[in-house]
Amino acid sequence: MTGGPAADAGEPAVPFDLSHLDHLLSWTTVDGIPTLFAPREGPVTGGLVFRVGRADETLSTAGITHLVEHLALYRNNLSGAHHNGQTEQVWTVFHATGTAAEVVTHLNSVCASLRDLPLARLEVEKKILRTEAAGRRGGPFTAMNMMRYGAQGYGLSGYDELGVWRVGADEVEEWARTRFTRDNAVLFLTTGEVPQGLDLRLPQGERIAPPQPSDALGDTPAFFVGHEGGVVLDAVVDRSSAATVFAEVARRAIFDELRQKGGFSYTADSDYSPLDGSTATITLYADALPEKQDAAVGAFVDTLARLRRGWIGADEVHGARAVVRGFLDVPDAGPTMLPAVAVNLLVGGRVLSPEEHLAELDAVTVEDVQAVASQVWAGALVQVPSGLLDWAGAVPAPSWSDDAVSGESFTHLDDPDVSLVVGEDGVSVVTMDGPATVRFDECVAMETRPDGARNLTGPDGFRVRVEPTLYAGLTRDIVAERIDARLSRELVVPLPAREPDGIPQPAERVRPSAAARVSHLSEPVLRRLRRAGDAVYAQARRWSLSRVGYWLMWLAGFAGVQFGLYAVRILAEIRRGESEAVAGVVILGALCVVLVGTLLYVAVRALLEVRRARGSRRR
């Protein structure tokens with residue numbers, strides 16, 4: 001079978017060259033839409049893929065693509081063909097399986113709905129999407145995109161579909177008219193020829209390139225404490241056959257180390273998912289029970305360190321290649337590869353034949369896999385269930401903003417160490433650990449409640465929650481004049497009223513006893529001491545990783561024991577009245593001063609490092 005010319009003389013030319021696949025599939029255009037087709041026995045499957053998804057939205061319009069998908073399928077919900085729609089990061093597909101006539105009817109109906117959306121159903125479909133969202137539960141992967149990309153682009157998949165509360169008919173119609181166009185689509189069919197009767201007329205538009213990934217992390221490798229069920233690592237890498245082989249090598253290595261040998265995990269897995277035309281995301285995961293979490297994290301990181309140091313057996317690469325080959329070397333390769341070819345054409349990815357894929361796989365070496373492992377760790381974001389990961393060279397992911405805005409400060413009624421600052425440029429919540437800041441000119445969405453509550457989100461994912469009931473002197477008038485008036489209406493997401501018991505209130509003010517007042521005053525000091533202790537521990541752990549630090553710690557321990565024995569001896573001589581003991585006391589005092597000064601220096605230095613690594617709460 002060879003790729004044919006356009007279906008009709010008036011059709012535009014197909015805007016790509018697939019001549020290297022002409023032994024597997026054919027292509028043409030239908031109503032201006034590039035169309036791929038290859039025959040397969042059994043029911044016919046047809047899919048209409050558009051280059052638009054969640055990453056194209058903003059936080060205040062999040063869910064608008066999903067909403068168009070639901071509206072376009074409304075008239076088909078009672079059709080005989082098995083059908084569905086799917087909205088992903090950078091593409092949306094409508095597909096159906098049945099007889100050729102049923103698939104044609106389904107695709108025609110979808111395009112008719114896209115040309116004239118049933119907007120009378122808008123509010124009903126919004127409720128359906130909110131019900132669907134309520135049934136989804138957050139898991140160990142939910143926070144990864146939020147932390148890496150922030151509240152924009154590819155990070156929006158970790159956020160609620162706030163646009164479902166806000167967008168109106170005009171905005172939805174405009175989104176469909178400009179994104180769901182014939183020039184932004186590819187059709188695929190598992191048939192030997194294009195069936196008769198297709199009517200896929202859509203507005204003319206333009207091919208929209210996938211959005212560029214944003215960066216909310218800064219330095220990598222980075223880590224944060226998240227879901228308690230296990231450890232997750234992801235990284236953005238170049239799309240390549242070597243990366244697919246690495247993902248399988250890593251899966252097998254983690255499974256062998258954490259489950260087979262250590263017994264720390266039940267599930268150890270990996271995933272390789274194209275992000276756009278040139279990059280992909282590799283995700284590694286291992287679960288663990290609470291009592292095994294530290295061991296699982298250590299074995300997980302050590303396994304990845306082994307791979308990036310090149311300690312990889314040729315048999316590991318060979319076994320991984322065999323697994324990946326199994327996904328490519330299949331019967332009916334033409335119809336099987338149709339959806340992937342359609343998506344790659346839309347996002348600008350390479351379109352390889354199975355033979356080309358297999359040749360690239362066979363050429364992957366141990367050194368290629370090691371290079372991908374190094375790229376993965378260099379750009380890694382790791383979610384750990386508890387503790388720190390600085391011992392492995394990772395830095396804390398930003399959890400606080402760099403600075404706070406200047407303006408009027410309102411003290412939290414329950415915690416005097418927390419204040420809300422409302423300024424000309426934005427708002428900040430300032431705590432002892434750091435500030436959370438959202439600037440008005442960068443705000444991507446503001447959720448509002450009738451009771452005066454506001455929740456502002458910045459592009460980096462940091463959020464500021466404004467609750468007038470919790471801050472002394474903060475009134476609804478101040479919120480309206482100094483916050484609401486600074487933001488455009490397109491950013492405002494009105495949420496429904498809360499139940500009275502759902503509105504936060506300050507704790508009852510009862511005059512504490514003298515002991516309680518002393519305890520309250522000591523809490524900030526204790527918190528600072530705890531953080532300093534954690535910092536000292538982290539610094540000591542970092543030092544202990546080096547050979548010099550190891551021997552210095554042993555030397556310090558030996559010196560401490562000797563000073564202790566010397567102190568006991570001095571005290572005994574003082575009790576006997578020996579005058580020479582006075583000199584010993586002076587020497588011991590001097591040594592104690594040196595030791596205490598050294599410890600204080602280490603504590604302050606470590607504390608400053610931790611404070612510099614912190615920056616406002618993002619989730």
Side-chain angles (χ1 to χ4, degrees), residues 46-97 102-103 105-138 142 151 156-181 184-185 199-203 205 208 444-445 447-450 489-497:
L48 186 57
V49 190
F50 293 91
R51 218 307 294 147
V52 60
R54 290 214 60 183
D56 296 282
E57 303 166 347
T58 64
L59 186 58
S60 64
T61 64
I64 191 171
T65 309
H66 198 181
L67 193 54
V68 171
E69 175 214 314
H70 270 233
L71 290 169
L73 289 173
Y74 165 63
R75 296 189 178 102
N76 286 330
N77 283 337
L78 298 179
S79 68
H82 174 73
H83 69 276
N84 207 343
Q86 189 176 348
T87 300
E88 295 293 338
Q89 288 273 46
V90 294
W91 51 267
T92 299
V93 61
F94 302 94
H95 58 86
T97 299
E102 288 173 335
V103 171
T105 299
H106 174 80
L107 295 174
N108 289 351
S109 178
V110 166
C111 289
S113 293
L114 290 173
R115 292 193 301 267
D116 183 19
L117 286 176
L119 294 172
R121 288 277 306 175
L122 184 60
E123 294 306 317
V124 175
E125 295 298 336
K126 285 183 176 182
K127 292 178 183 178
I128 292 173
L129 289 185
R130 290 197 287 266
T131 302
E132 181 182 337
R136 291 193 291 263
R137 295 184 178 181
T142 302
L156 294 177
S157 60
Y159 289 83
D160 293 337
E161 294 178 336
L162 292 182
V164 173
W165 293 99
R166 190 196 67 78
V167 295
D170 291 343
E171 200 165 355
V172 172
E173 190 173 39
E174 177 69 8
W175 190 258
R177 187 186 65 79
T178 56
R179 303 286 178 158
F180 290 84
T181 67
N184 203 36
D199 181 7
L200 309 181
R201 289 172 294 125
L202 289 172
I208 301 173
V444 293
E447 302 156 61
T448 66
R449 296 280 187 181
R489 195 175 70 175
E490 290 75 18
L491 299 177
V492 177
V493 180
L495 299 181

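Sequence positions, counted from 1, serve as the residue numbers for this chain. Quick caveat, the model's predicted, so the values are computed rather than measured.
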Measuring from [X]:[atom1] to [Y]:[atom2], what's the distance to the nearest 0.5 Å?
{"X": "Trp175", "Y": "Leu67", "atom1": "CH2", "atom2": "CG", "answer": "12.0 Å"}
{"X": "Leu202", "Y": "Leu48", "atom1": "CG", "atom2": "CG", "answer": "7.0 Å"}
{"X": "His95", "Y": "Leu107", "atom1": "NE2", "atom2": "CG", "answer": "11.0 Å"}
{"X": "Glu447", "Y": "Arg166", "atom1": "CD", "atom2": "CZ", "answer": "12.5 Å"}
{"X": "Thr61", "Y": "Leu156", "atom1": "OG1", "atom2": "CG", "answer": "7.5 Å"}
{"X": "Asn84", "Y": "Thr97", "atom1": "CG", "atom2": "OG1", "answer": "10.5 Å"}

Which atom pair, heavy atoms only, marks the closest approach of [X] to [Y]?
{"X": "His66", "Y": "Glu57", "result": "N-OE2, 4.3 Å"}
{"X": "Leu73", "Y": "Gly85", "result": "CD1-N, 3.5 Å"}
{"X": "Phe50", "Y": "Arg179", "result": "CD2-O, 4.2 Å"}
{"X": "Ser113", "Y": "Pro118", "result": "O-CD, 4.3 Å"}
{"X": "Ala62", "Y": "Arg54", "result": "CB-NH2, 3.6 Å"}

[X] side chain vs [Y] backbone, donor-acceptor pair below 3.5 Å:
{"X": "Thr178", "Y": "Glu174", "value": "yes"}
{"X": "Asn108", "Y": "Thr105", "value": "no"}
{"X": "Arg51", "Y": "Ala185", "value": "no"}

Query - Candidate pair Phe180 and Leu117, rule side-chain contact (heavy atoms from CB on, under 4.5 Å), full reasoning - result: CA-CA 12 Å; Phe180 290 84; Leu117 286 176; over 6 Å; no

Requested in this report: Given side-chain contact (heavy atoms from CB on, under 4.5 Å), test Glu132 with Glu161 step by step and report yes or no.
Outcome: CA-CA 11 Å; Glu132 181 182 337; Glu161 294 178 336; over 6 Å; no

Check: [X]/[Y] side-chain N/O donor and acceptor closer than 3.5 Å:
{"X": "Thr87", "Y": "Glu69", "result": "yes"}
{"X": "Ser60", "Y": "Glu490", "result": "no"}
{"X": "Arg75", "Y": "Ser109", "result": "no"}

Query raised in the report: Quick one: side chain to side chain contact (heavy atoms under 4.5 Å, CB included) partners of Ala112, sequence neighbours excluded?
Result: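 Here the qualifying residues are Arg115.
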
Query raised in the report: Which residues satisfy the side chain to side chain contact (heavy atoms under 4.5 Å, CB included) test with Ala151, sequence neighbours excluded?
Result: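 For Ala151, the residues satisfying side chain to side chain contact (heavy atoms under 4.5 Å, CB included) (neighbours in sequence not counted) are Leu59, Tyr159, Val444, Thr457.
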
Query - Intermediate values then yes/no, side-chain contact (heavy atoms from CB on, under 4.5 Å), Leu495 and Thr448 - result: CA-CA 6 Å; Leu495 299 181; Thr448 66; 6.0 Å; no

Report task. Measure up the His83 and His106 rings against each other and bin them: parallel (under 30°), tilted (30 to 60°), perpendicular (over 60°). Result ->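 His83 vs His106 ring planes: tilted.
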
Requested in this report: Taking the side chain as every heavy atom from C-beta outward, state whether Val93 and Glu88 have any pair of such atoms under 4.5 Å apart.
Outcome: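 Counting from C-beta outward, Val93 and Glu88 never come under 4.5 Å.
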
Query raised in the report: Hey, are the side chains of Val172 and Leu71 touching, using non-hydrogen atoms and a 4.5 Å cut-off?
Result: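 A side-chain contact exists here, since the closest heavy-atom pair is under 4.5 Å.
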
